[in-house]
Undergrad: 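Structure below; questions to follow.
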Amino acid sequence: MKKIYDTASSALDGVLQDGMLIAAGGFGLCGIPELLLEAIKDAGTKDLTFASNNAGVDDFGIGILLQTRQVKKMISSYVGENAEFMRQYLSGELELEFNPQGTLAERMRAGGCGIPGFYTKTGVGTVIAEGKEHKDFDGETYILERGIFADLSIVKAWKADETGNLVFRKTARNFNPPAAMCGKVCVAEVEEIVPLGSLDPDSIHLPGIYVHRLIQGTHEKRIEQRTVRKKETA
Amino acid sequence: MKKIYDTASSALDGVLQDGMLIAAGGFGLCGIPELLLEAIKDAGTKDLTFASNNAGVDDFGIGILLQTRQVKKMISSYVGENAEFMRQYLSGELELEFNPQGTLAERMRAGGCGIPGFYTKTGVGTVIAEGKEHKDFDGETYILERGIFADLSIVKAWKADETGNLVFRKTARNFNPPAAMCGKVCVAEVEEIVPLGSLDPDSIHLPGIYVHRLIQGTHEKRIEQRTVRKKETA
Amino acid sequence: MPWDRNQMAARAAEELEDGMYVNLGIGIPTLVANYVGDKDITLQSENGMLGMGPFPFEGEEDADLINAGKQTITELRRTSYFDSAQSFGMIRGGKIAAAILGAMEVAENGDLANWMIPGKLVKGMGGAMDLVAGVGRVIVVMDHTNKHGDSKLLKECTLPLTGQGVVDRIITNLGVLDVVEGGLKIVETAEGVTEAELHDATEATIV
Amino acid sequence: MPWDRNQMAARAAEELEDGMYVNLGIGIPTLVANYVGDKDITLQSENGMLGMGPFPFEGEEDADLINAGKQTITELRRTSYFDSAQSFGMIRGGKIAAAILGAMEVAENGDLANWMIPGKLVKGMGGAMDLVAGVGRVIVVMDHTNKHGDSKLLKECTLPLTGQGVVDRIITNLGVLDVVEGGLKIVETAEGVTEAELHDATEATIV
């Protein structure tokens, strides 16, 4: 069973469908599946719903699919830094479902773990709780949040082996493992596919069972807020 | 804030109380907190409830606390291999709450993640579902399982640094991370405390935030079923 | 002639396809690994491992490396380790394509009993309830009848259930049966076993 | 004289004790890190990191290493990385001792609003709702009044809530107040600010 594909487009061949729900990894522009997003743009798939913490910026990440009007709805926790998003949202062209960041991450993990619903204190007493089931446990009130079961997951990792075992790097891990877990099909893009046996089995962040297709590519890895400090002179 | 203690007994000083709920890591005899269990035996703490996948064997693991009658109740998925356990259970001296293994692991993780309840298909239509809330999601029936919030967690890892970052080895990881997460206080025993900075930050299995006290010790690491194959002669 | 343990295991191995992630239970199911040939199968051990290898050579046992039956095993080049919550997350989440399990009883509606005999020794369900509820396909491998010659394929299970309506296919020493609408359907019989013999040995409705 | 941003941050740093794991919000809370002195504080960044270090030196920025404000940062010897589900698991699970956050409004019952102004730009709550619901202690650092001189410490919040009854302590440019039964209680005033001045600048009930 070969999981490795040559290009992002070929790795998405046959799995894209108008109106589908896609879970995407990444936080801000860090650890986003930039090559797969480009390929979805090229494929022209429409009416997409994205479960993704952010919506990219105007010309990078999910932002490029907003420009082409391929996105119908976002399930996100934070969508600042994206003027086109705001415009489409305020004009009613784009639906937006806000989820608290941790609720979104847990909803993805829950979907991947066969858990259709879980209770959380997050959002109780806020607009987030409106219309959701409330339940008391040991005298405290919680709301029911639902697992996300996506049609497709797209994620970005640092290294992979041919069986799809993935390793992430630093804070680029973020939403990638939960996003990968909750999709019926998961396609991963990585910086390097290494020989089988060269990843430490104790240090694999996402086992290959979650990864159905795999590409290696060159990533721009854009930095959103370049902040530095001065070296003190000795 | 020093987390490192000299002995298992000193690491448990002040945290043991009769009647408390203890979550313990380990699967079978693999990755069990053997030194801390010995110290609990020495402390003589009584009426304990253990959330632990197994109950050890008669003279090792939680089994030693069954011998001394320090255990009131077990929350476990499998308690074979333990004659004294069976005797106490059948005579009514010991309570036993069976949990499916995955439900037990998820209940511990849920407790550690502030989730008081979650829905699962596991056990629907079996004795496990009796008395539990049933709920349909998308046409399928699930039961509500509760997060475990333990008074104390005891776990065993391979390596730690002084801030309590833990690394496990092979299948000795098992229940240790979820058990560690669900306790108000977590005490860990490790084979080696390594200098700060020598663990790869991308490969830490359990961040030190979950670990309040730490000891280094020598472990017997008993093997329950020694199975081997013959080397074929060339 | 009915199949022996190894023939049953070999027949069960035919159920597995290239690229599958599979969980094998204790007993005959464990033997299935010997018959996968050059198919690319990855074995899950629910105590926290994908890519389970064979038993170690003598002297190379590692106390930190065991399977769900607590036996010492080895790792492969594809192996990954994870904790029990993650392990059962992938089981419950349907990521494991198939589980091959032993059973005490299977009912014609797919009910499975394999964890407890009331009044006798109570060991616990371990991961069996999670597996049957979560994996893509549940294949039972067991003798067609018990020691007393009574059918283990029943109209209704008499023992406490492991799962309700969970079994897809049953491989016994007499043949292969699928759980379908209204009862069990014979897929094939062991060489030399007639359909009539299989009917006679089966309490469950055969459709 | 009211405290300036740095004095507020320094005062907030006094809330932190040796061994604490802390999450700092964007703005003034970020400055708190400059005032922890030799206390052993571990900073969490909710995008998946414990042990957040300072900004990198120029030329040493790493696109894979950012904080929750998307700024490039560095790691420390104690650093660990994890995914977002684990990160918010520790937040929701109460493992983070304290969060120091900015706010638009705080009500006398501890309600907090800091994520949205209806009709204006909608950016989202990010991790703020999770933090206020989950961490051990929520400390708000903000100016006592808005640009128009109106109190930000209110009887009731007018903006959509981030959390209900979640704030423990408020540190403003005028002083420190605790949320207690019946309203806010003055803990201290900034040097040179009288309790009367603080009363005058506060809409919330002071008890």
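Given the structure is predicted, the values throughout are model-derived calculations rather than measurements. Here is the naming used below: chain letters follow the sequence lines, and residue numbers restart at 1 for every chain. When reading the values below, keep in mind they use all heavy atoms of this one structure, side chains included, and skip hydrogens, waters and symmetry mates.
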Undergrad: With heavy-atom distances below 4.5 Å as the criterion, would you say the side chains of D/Ile170 and D/Met142 are in contact?
TA: yes

Undergrad: Of the options B/Glu189, B/Glu191, B/Glu34, which is the one that meets B/Lys221 in a salt bridge (Lys or Arg N to Asp or Glu O under 4.0 Å)?
TA: B/Glu191

Undergrad: If you round to the nearest 0.5 Å, how far is CD1 of D/Ile100 from CG of D/Leu16?
TA: 4.5 Å

Undergrad: Using heavy-atom distances under 4.5 Å, tell me whether D/Gln86 contacts chain B through its side chain, its backbone, both, or neither.
TA: both

Undergrad: Which value, rounded to the nearest 0.5 Å, describes the distance between D/Ser87 atom OG and D/Arg92 atom CZ?
TA: 10.0 Å

Undergrad: Can you pull out every salt bridge (charged side-chain N to carboxylate O under 4.0 Å, His left out) where at least one residue sits in residues 108-123 of chain B? Sequence neighbours excluded, please.
TA: A/Glu106-B/Arg109, B/Lys121-B/Glu140

Undergrad: Side chain, backbone, both or neither: which part of B/Asp202 has a heavy atom under 4.5 Å from chain D?
TA: both

Undergrad: By a 4.5 Å heavy-atom criterion (distance strictly below it), what part of B/Phe149 contacts chain D: side chain, backbone, both, or neither?
TA: neither

Undergrad: Can you check whether anything in residues 63-82 of chain D gets within less than 4.5 Å of chain B, heavy-atom wise, and list it by number?
TA: D/Glu75, D/Arg77, D/Arg78, D/Thr79, D/Ser80, D/Tyr81, D/Phe82

Undergrad: Can you establish whether the number of heavy atoms outside D/Glu60 located under 6.0 Å from its atom CD is more than 12?
TA: yes

Undergrad: Rounded to the nearest 0.5 Å, what separates atom CD1 in B/Ile215 from atom OG1 in B/Thr7?
TA: 7.0 Å

Undergrad: Give the C-alpha distance, both sets of side-chain angles, the deciding distance and a yes or no for salt bridge (charged side-chain N to carboxylate O under 4.0 Å, His left out) between B/Lys132 and B/Glu145.
TA: CA-CA 8 Å; B/Lys132 287 177 184 160; B/Glu145 293 282 2; 3.0 Å; yes

Undergrad: Can you tell me which portion of D/Ala85 sits under 4.5 Å from chain B's heavy atoms? Options are side chain, backbone, both or neither.
TA: both

Undergrad: Picking from B/Thr163, B/Leu196, B/Ile204, which has the most non-hydrogen pairs under 4.5 angstrom with chain D?
TA: B/Leu196

